[in-house]
Amino acid sequence: MEDILDIYEMPYHPEVPVVCMDEKPYQLLGEVREPLPMRPGDTGKTDCEYVRNGTCSIFTFVEPLGGVRHVSARERRTAIDWAEEIRYLVDVSYADRDKIILVMDNLNTHAVSSLYKAFPAKEARRIAKKLEIHYTPKHGSWLNIAEIELNVMTRQCLSRRIEGMELLRKELAAWESDRNAHTACIQWQFTNDKARTKLASLYPKFGPIDEK
């Protein structure tokens with residue numbers, strides 16, 4: 001926990017971006033009956049029945065202090081999918097940076113080894129060398145700022161039925177573009193000093209002599 005909080009307390013350094021990454025499953029749902037649109041004095045109407053069109057995974061990368069994010073939808077969440085997203089991060093999103101500090105959780109596919117499953121060793125190593133990875137602790141996903149971004153995205157973009165991947169990608173791209181245009185930053189307030197007070201029960205107890 002303190003390792004992650006140290007990262008968040010660092011001053012903003014555009015040449016060494018701190019990027020938080022997370023992913024979420026999303027269920028594609030179609031309509032059985034055409035919804036009735038809103039009209040003056042009345043709300044829109046959506047039938048309770050729906051059609052299941054499968055699931056997908058939404059990958060989110062956010063630079064909290066830079067106010068930049070990138071989201072994409074993939075049909076799966078395999079090691080290959082993660083590796084391809086990381087290559088996009090390195091070669092497109094931050095192609096002119098030598099190092100990216102990457103914060104993410106310990107999901108089994110979130111590992112440098114996934115790069116070697118997707119790319120030849122030389123290419124995998126090239127990508128890995130640009131990353132400084134910091135993992136959130138087990139049961140500590142709340143420390144990942146990308147979860148805040150996912151919650152915002154869910155409220156603003158995904159709180160309705162979206163029937164297929166094409167429409168989902170279109171909607172996500174529009175949301176990403178608008179949010180980046182407004183340079184929406186995330187100011188993290190929870191520090192190590194606060195953690196040692198509010199989460200004191202998690203720390204070993206020492207007497208006055210030991211503390212000296």
Applying side chain to side chain contact (heavy atoms under 4.5 Å, CB included) between H134 and each of L143, D6, I7, report the one that passes. I7
At what distance, to the nearest 0.5 angstrom, does CG of D91 lie from CD1 of I86? 11.0 Å
Pair E85 + R74: basic N to acidic O under 4.0 Å: yes
Side chain proximity check, L107 to E23, heavy atoms < 4.5 angstrom: yes
Minimum-distance pair of heavy atoms, taken over all atoms of G66 and Y12: CA-OH, 3.7 Å
Quick check: does any side chain N or O of N106 sit under 3.5 Å from a backbone N or O of T136, one acting as donor and the other as acceptor? yes
Identify the two heavy atoms, one from M153 and one from T60, that lie closest to each other, and give their separation to 0.1 Å. CE-OG1, 4.0 Å
Distance in Å, M10 CE paired with L5 CG, rounded so as to fall on 0.5 Å steps: 13.0 Å
Are the side chain of N144 and the backbone of M21 linked by a donor-acceptor contact shorter than 3.5 Å? yes
Within a strict 4.5 Å, meaning less than it, do heavy atoms of the C20 and V103 side chains meet? yes
Do I101 and V19 have side-chain heavy atoms sitting under 4.5 Å apart? no
Under 3.5 Å side-chain donor-acceptor pair for E31 and T46: no
Rounded at 0.5 Å granularity, tell me how far CD in Q187 sits from CD1 in I148. 11.0 Å
Would you confirm whether S177, through its side chain, and A173, through its main-chain N or O, come within 3.5 Å as a donor-acceptor pair? no
Is there a path from Y94 to Y88 through hydrophobic residues (I, L, V, M, F, W, Y) whose side chains come within less than 4.5 Å of each other? no
Answer yes or no: is there a side-chain heavy-atom contact under 4.5 Å between E171 and R160? yes
Using salt bridge (charged side-chain N to carboxylate O under 4.0 Å, His left out) as the criterion, point out the one residue from R155, K24, R69 that pairs with E149. R69
Please evaluate residues H70 and F59 with respect to the criterion ring pair (Phe, Tyr, Trp, His ring centres under 6.0 Å), reporting the C-alpha separation (whole Å), side-chain torsions for both, the decisive distance (0.1 Å), and the verdict. CA-CA 8 Å; H70 171 66; F59 290 77; 9.9 Å; no
What distance separates T183 OG1 from L65 CG, expressed to the nearest 0.5 Å? 13.0 Å
So, do Y26 and S57 sit near enough that their side-chain heavy atoms are less than 4.5 Å apart? no
Connected via hydrophobic side-chain network under 4.5 Å: W142 and L150: no
Short side-chain to backbone donor-acceptor contact, K45 and P37, under 3.5 Å: no
In this structure, would F61 and V16 fall into the same cluster of hydrophobic residues linked by side-chain contacts under 4.5 Å? no
Taking the side chain as everything from C-beta on, heavy atoms only, tell me whether L168 gets closer than 4.5 Å to C56. yes
Whether the side chain of N151 engages the backbone of E147 through a donor-acceptor N/O pair (distance < 3.5 Å, no angle test) should be reported. yes
Quick check against the 3.5 Å criterion: does N53 have a side-chain atom that pairs as donor or acceptor with the backbone of E163? yes
If every non-hydrogen atom of S72 is compared with every non-hydrogen atom of L172, which pair is closest and at what distance? C-CD1, 4.5 Å
If the threshold is 4.0 Å, N to carboxylate O, is there a salt bridge linking R126 and E123? yes
Using modelled atom types only, decide if a donor and an acceptor are shared between the side chain of R169 and the backbone of A73 within a distance under 3.5 Å. yes
Test of understanding: clusters of I, L, V, M, F, W, Y form through side-chain heavy atoms closer than 4.5 Å, transitively. Do L102 and Y116 belong to the same one? yes
First locate atom OG1 of T109, then atom CZ of R76, and finally report the distance between them rounded to the nearest 0.5 Å. 13.0 Å
Is there side-chain contact between L158 and I58, with at least one heavy-atom pair below 4.5 Å? yes
Please lay out, stage by stage, how M165 and L28 fare under the test side-chain contact (heavy atoms from CB on, under 4.5 Å). CA-CA 8 Å; M165 290 292 290; L28 300 168; 4.0 Å; yes
Derivation of the side-chain contact (heavy atoms from CB on, under 4.5 Å) call for D193 and R196: CA-CA 5 Å; D193 286 341; R196 291 164 191 164; 3.9 Å; yes
Closer than 3.5 angstrom, by distance alone: can the side chain of K99 be matched with the main-chain N or O of E15 as a donor-acceptor pair? no
Verdict with supporting geometry, F190 and I4, side-chain contact (heavy atoms from CB on, under 4.5 Å): CA-CA 11 Å; F190 195 62; I4 300 298; over 6 Å; no
Around atom CG of D42, are there more than 12 heavy atoms from other residues, nucleotides or ligands closer than 6.0 Å? yes
Looking only at heavy atoms, which two atoms of A83 and A118 are closest? And how far apart? CB-CB, 3.5 Å
Are D22 and M104 side-chain neighbours, meaning at least one heavy-atom pair lies under 4.5 Å? no
Before you tell me yes or no, could you show the steps for V51 and V32 under side-chain contact (heavy atoms from CB on, under 4.5 Å), namely the whole-Å CA-CA distance, both residues' side-chain angles and the distance that decides it to 0.1 Å? CA-CA 6 Å; V51 178; V32 174; 3.8 Å; yes
Taking E132 for its side chain and I100 for its backbone only, find out whether a donor-acceptor pair lies under 3.5 Å. no
How many angstroms lie between atom CG of L36 and atom CE of M38, to the nearest 0.5 angstrom? 12.5 Å
Heavy-atom nearest pair, W82 first then S114, reads CE3-CB, 3.6 Å
Of all heavy-atom pairs between N180 and V68, which one has the smallest distance, and what is that distance? OD1-CA, 3.4 Å
Mind checking whether L115 and L89 sit in one hydrophobic cluster, side chains of I, L, V, M, F, W, Y counted as touching below 4.5 Å? yes
Donor-acceptor pair, distance only, cut-off 3.5 Å: does the side chain of Y135 make one with the backbone of H110? yes
